[in-house]
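Below is one structure, written out as structure tokens; comments come after it.
All figures in this text were calculated on a predicted structure; none of them were measured in a lab. By convention in this document, chain letters (A, B, ...) are assigned in the order of the sequence lines, proteins followed by strands, and residues within each chain are numbered from 1.
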Amino acid sequence: MSRYDPAALEPKWQAAWDDAGTFLAKRDAAKPKYYVLEMFPYPSGRIHIGHVRNYTMGDVIARYKIATGHNVLHPMGWDAFGLAAENAAMERGIHPADWTFKNIDDMRAQMKPLGFSIDWSREFATCTPEYYGKQQALFLDMLAAGLIDRKNATVNWDPVDMTVLANEQVIDGKGWRSGAEVERRDLTQWFFKISDMAGELLDALDTLDNWPAKVKLMQSNWIGRSRGLQFAFGLTEPRGGHDRVEVYTTRPDTLLGASFVGISPDHPLAKELEAHNPEVAAFCAACRKGGTTEEALEKAEKMGLDTGLRVRHPFDTAWELPVYIANFILMDYGTGAIFGCPAHDQRDLDFARKYDLPVVSTYAPVDDADHTLPEDGGAAYVPPKTESVHYIRGFAGKGTQTGTDGVDTAIAFCESSGVGQGVTKFRLRDWGLSRQRYWGCPIPVVHCEACGVVPEKKENLPVELPKDVSFDIPGNPLDRHPTWRDVPCPSCGAPAKRETDTMDTFVDSSWYYARFTAPHADTPTVAEDAAYWMNVDQYIGGVEHAILHLLYSRFFARAMNITGHLPDSAREPFDALFTQGMVTHAIYKTTREQDGRPVYHYPEEVELRDGGAFLKADGQQAEVIPSAKMSKSKNNVVDPVAIIAQYGADTARWFVLSDSPPERDVEWTASGAEAAYKHLGRVWSLSDRIVAMDRTAPGAGDEDLLRAVHRTIHDVTMGVESFGFNAAIAKLYAFTNVLSKSKASYTTQRQAMMALAQLMSPMTPHLAEDIWAQQSGEGLIANAPWPVADAAMMVEDTVTLPIQINGKRRSEITVPRDLQKEEVEKLALADDAVQRALAGGQPKKLIVVPGRIVNVVI
RNA sequence: GCGGGCGUGAUGGAAUGGUAGACAUACCAGACUUAAAAUCUGUUGGGCCCUGUGCCCGUGGGGGUUCGAGUCCCCCCGCCCGCACCA
């Protein structure tokens with residue numbers, strides 16, 4: 001008798017799929033297409049068990065769709081630009097390209113043994129000129145179409161590394177790498193005009209029925225539409241060309257409770273005052289210190305400075321309000337100026353109390369209309385807009401309205417009296433794409449003294465990164481390259497300078513899904529291929545990309561549509577999205593006695609016994625922190641390569657799907673992996689045993705086994721269709737138990753075994769192929785049509801009905817499946833338990849749900 | 001602060017409003033073994049009476065709707081995630 005030997009059978013079947021070209025995707029108008037895509041990886045050099053889970057889920061879908069007659073596209077590539085390559089260059093002197101391509105080779109070699117149904121002929125890396133050159137073409141087309149802008153922006157500048165930092169790279173106001181104090185600096189940068197599409201990107205979320213509600217909500221909040229009033233307060237005395245302050249408010253219904261006007265330290269009026277007044281200059285400088293992160297802003301104390309300027313209230317020229325510069329007002333939201341209504345905003349109330357400004361209520365609770373809370377020293381009264389309140393100083397006079405109605409009334413009143421305009425604003429800002437870095441896609445423009453900013457000609461693409469660069473000093477190597485910058489102006493031919501900024505790596509990942517439809521074409525996309533393969537039918541990835549990557553991709557698909565690179569139908573590129581959870585692992589921790597520092601132990605250093613974890617070395621008990629995110633510093637990382645070496649790919653695939661719902665985190669446990677391996681071994685042995693059966697001997701219970709087969713086909717199919725992989729696997733366990741105990745004939749057991757292999761084939765494809773071959777199945781199981789459950793074969797002749805008395809289960813009866821309701825009632829009433837409970841009386845009510853349950857109410 | 005999600009045995013989890021705890025882990029017991037490992041079999045929510053077997057309680061807590069609630073509704077508690085000086 002042989003044994004399950006994944007190390008031998010897995011490479012064998014991978015070679016068989018390769019030889020047959022099983023997963024090469026070709027356009028075929030006769031078949032429905034299905035495009036399944038997992039978020040492509042960054043080539044760090046090592047695959048992570050999280051990758052295994054992500055790609056296994058995609059593979060299950062892909063293989064299932066192949067089996068159900070679809071023409072499947074399931075590609076893989078590399079998100080290969082990024083800072084890590086430059087860090088490696090600085091730390092180890094390796095060229096970013098060499099480092100990246102070596103990592104890609106390593107990761108591909110680690111990934112292939114997992115047996116994914118990937119069309120490797122479509123593989124590409126975003127760091128190749130073949131890819132980024134097409135991206136430059138897209139950039140030029142988008143520039144021509146008015147989708148790209150060049151403007152000033154305030155950025156975090158690291159003066160030591162001489163580069164722009166993202167907000168998340170600023171820690172406590174210091175650069176994460178250099179430790180230098182970060183400066184805010186105005187730079188001219190390229191922007192995608194994504195905010196022009198804010199309304200469409202928001203409204204179209206409603207059409208994404210197969211996206212998680214959570215992701216849509218996060219995007220909706222991020223885009224942040226608000227409806228409000230824009231109007232101006234007139235200054236009592238003009239100052240430096242300013243005679244008014246434009247403000248934006250979402251609560252114009254509180255306008256008659258205004259007590260001050262606040263402007264941002266970066267507001268033009270503040271800058272005007274700053275130039276002439278040292279006190280103002282000192283205050284604004286203090287406000288600008290520190291980073292631009294949310295965290296830094298939140299910690300900063302609310303500060304204001306009375307400018308001495310006064311404005312007139314638009315509805316009462318005798319009413320004057322002071323103008324403050326305040327550090328909590330953001331220049332890039334609304335107009336950079338607000339009016340404060342302390343009665344209905346806690347922050348404004350705190351500010352008013354600090355600077356002794358009046359508090360005037362415009363509305364009060366409906367049931368307490370005379371009591372104006374904040375004026376009496378309480379908290380600001382800030383009810384939800386949907387709530388009805390009693391207006392004291394409203395635009396519809398005194399009376400009760402919801403906040404929403406009050407706002408609408410105020411906007412209508414202000415518009416009709418010419419005071420202001422109702423406007424819609426978005427929180428979403430334009431997407432700055434310039435990075436002062438080497439390892440990214442060069443922005444294909446040239447700066448000419450005579451012509452200004454000139455787009456590179458398409459025939460000169462790709463603008464390739466020079467290979468001869470050094471990373472021994474900080475800053476962007478492209479900036480100091482001796483010759484790379486020097487090019488003739490594409491317009492006038494005079495000597496000019498190339499742009500040395502490169503693109504944000506999010507650009508690379510914003511259109512790779514489209515490139516996969518024609519990965520080697522000379523143009524970014526090919527119309528026929530894009531029309532056939534787009535959209536992505538199922539996209540799978542981590543929820544950490546819920547906002548940026550997915551929003552940028554939605555923008556890019558629209559931009560590619562506008563510039564003729566994608567059809568109208570692909571403006572919303574991902575039909576369905578699934579966000580999978582992480583793979584976690586326990587942490588084993590002890591505390592060092594000398595200094596109380598934690599010490600983290602590798603799982604292999606720990607012995608699990610008596611419900612605890614103990615160090616093998618000295619028997620000391622370790623604290624177990626379950627379900628922790630894998631982290632090298634916590635020594636709880638599971639290496640897929642080691643798992644495959646120990647158990648094979650099918651075990652790894654089976655386990656990452658089996659224990660938890662796919663959208664939730666799953667904890668990797670050694671015992672769970674062991675159990676998965678044992679189970680696959682049992683299935684293999686079962687097949688082996690069936691092959692050896694006496695083929696002429698009569699069996700018993702063939703009907704029962706067939707019913708279980710069809711029931712399992714049904715359940716597993718439903719599970720795969722609905723991403724209920726863990727539930728599908730549970731059904732497969734249960735069915736395996738049934739089959740292993742079956743005494744049915746060879747023919748029926750073989751049929752059951754082949755069905756089991758097919759149902760397992762999306763999860764454990766190698767094992768399934770091997771069993772298929774053992775059982776003399778035709779061709780490859782990867783190409784075999786998915787089994788169909790016969791509804792007639794799933795029903796039993798008799799059903800067991802639980803009998804409840806007053807809703808509690810007390811007994812059961814077994815009756816023919818289609819027995820008349822009246823007969824069921826009779827049998828139920830005759831039941832011993834029911835008779836006892838009735839004690840000779842009559843039931844108040846008798847409920848019979850055919851085929852399900854009987855409830856006797858007494 | 002705002003928004004969303006989740007709370008079920010020792011553990012991961014299952015359950016179109018219809019037998020709560022499928023399936024798996026862990027534990028315990030048994031078979032095999034000199035022994036262990038492996039393998040196989042069985043038990044396992046809590047309590048009461050050990051009398052077969054029955055009864056009571058049980059899905060974070062409290063209330064409600066229903067013949068029937070883990071599931072639907074209201075209030076509360078806890079945990080997780082996202083956003084957050086957004087005017």
Taking only the side-chain nitrogens and oxygens of A:Arg852, find out if one of them lies under 4.0 Å from OP1 or OP2 of B:U16. no
Tell me: CZ of A:Phe339 to P of B:C85, nearest whole Å? 20 Å
Answer with base, sugar-phosphate or nothing: what part of the nucleic acid does A:Leu846 contact at a heavy-atom distance below 4.0 Å? nothing
Residues which pass side chain to side chain contact (heavy atoms under 4.5 Å, CB included) with A:Lys731, listed by chain and number, not counting sequence neighbours: A:Asp715, A:Val716
Taking side chain to side chain contact (heavy atoms under 4.5 Å, CB included) as the test, write out the residues that go with A:Thr424, two or more places apart. A:Arg225, A:Arg227, A:Phe426
For A:Tyr677, the side-chain hydrogen bond (donor to acceptor under 3.5 Å, both in side chains) test, sequence neighbours excluded, returns none
From NZ of A:Lys808 over to P of B:A20, roughly how many Å is that when rounded to an integer? 10 Å
Interatomic distance where CD1 belongs to A:Ile853 and P belongs to B:G68 [whole Å]: 12 Å
Polar pairs (N or O, both sides) under 3.5 Å between protein and nucleotides 10-15 of chain B?
{"unit_1": "B:G12", "atom_1": "O2'", "unit_2": "A:Asp659", "atom_2": "O", "d": "3.0"}
{"unit_1": "B:G12", "atom_1": "O2'", "unit_2": "A:Ser660", "atom_2": "OG", "d": "3.0"}
{"unit_1": "B:A14", "atom_1": "OP1", "unit_2": "A:Asn726", "atom_2": "ND2", "d": "3.3"}

Of the listed nucleotides (B:G18, B:G82, B:A87), which one gets closest to any side-chain atom of A:Ile338? B:A87
Pick base, sugar-phosphate or nothing for A:Asp345, based on heavy-atom distances below 4.0 Å to the nucleic acid. nothing
Do any side-chain nitrogens or oxygens of A:Thr250 fall under 4.0 Å of OP1 or OP2 in B:A87? yes
Salt bridge (charged side-chain N to carboxylate O under 4.0 Å, His left out) with A:Lys743: which residues, sequence neighbours excluded? none
hbond_proxy A:Asn221 side chain to B:C83 base (donor-acceptor, 3.5 Å cutoff): no
Report the residues that fulfil side-chain hydrogen bond (donor to acceptor under 3.5 Å, both in side chains) with A:Arg707, sequence neighbours left out, ordered by chain and then residue number. A:Asp704, A:Glu796
Determine the interplanar angle of the A:Phe260 and A:Tyr324 rings, folded into 0 to 90°, and report it as parallel if under 30°, tilted if 30 to 60°, perpendicular if over 60°. perpendicular
Contact under 4.0 Å: A:Arg347 side-chain N or O vs B:C86 OP1/OP2: yes
Counting side-chain heavy atoms from C-beta on, which of B:C23, B:C56, B:C67 comes nearest to A:Lys845? B:C67
Listed nucleotide nearest any side-chain atom of A:Leu217, set B:A87, B:A20, B:G4: B:G4
note: A:Ile847, atom CD1; B:C67, atom P; distance rounded to Å ~ 7 Å
All side chain to side chain contact (heavy atoms under 4.5 Å, CB included) counterparts of A:Leu208, not counting sequence neighbours: A:Leu205, A:Trp211, A:Lys216, A:Arg554, A:Glu572
Given atom CE of A:Met331 and atom C1' of B:C85, what is their separation to the nearest angstrom? 16 Å
Take atom CD1 of A:Ile805 and atom C1' of B:G68, then tell me their distance rounded to the nearest Å. 14 Å
Contact under 4.0 Å: A:Arg810 side-chain N or O vs B:C55 OP1/OP2: yes
When you measure from the side chain of A:Gln835 to the backbone N and O of A:Leu829, does any donor-acceptor pair fall under 3.5 Å? yes
When you look for runs of 3 or more Watson-Crick or G-U pairs in a row, both distances below 3.5 Å, which of them include RNA chain B? B:1-7 with B:77-83, B:10-12 with B:23-25, B:28-31 with B:39-42, B:45-48 with B:54-57, B:60-64 with B:72-76
Base, sugar-phosphate, or nothing: which does A:Tyr733 touch, judged by heavy atoms less than 4.0 Å apart? sugar-phosphate
A:Val857 near the nucleic acid: base, sugar-phosphate alone, or nothing, with a heavy-atom cut-off under 4.0 Å? sugar-phosphate
Using the test salt bridge (charged side-chain N to carboxylate O under 4.0 Å, His left out), find all partners of A:Asp345 that sit at least two apart in sequence or belong to another chain. none
Out of B:C23, B:A87, B:U19, whichever nucleotide has its closest atom nearest the side chain of A:Gln804: B:U19
Residues passing the salt bridge (charged side-chain N to carboxylate O under 4.0 Å, His left out) test with A:Arg682, sequence neighbours excluded, are none
NZ/NE/NH1/NH2 to OD/OE distance under 4.0 Å, A:Arg3 and A:Asp5: no
All N/O pairs under 3.5 Å across the protein-nucleotides 38-42 of chain B interface:
{"unit_1": "B:U39", "atom_1": "OP2", "unit_2": "A:Lys678", "atom_2": "NZ", "d": "3.4"}

May I have the distance from A:Tyr381 (atom OH) to B:G1 (atom P), rounded to whole angstrom? 19 Å
Side chain to side chain contact (heavy atoms under 4.5 Å, CB included) against A:Thr584, all qualifying residues, sequence neighbours excluded: A:Met582, A:Ser627, A:Asp665, A:Glu667
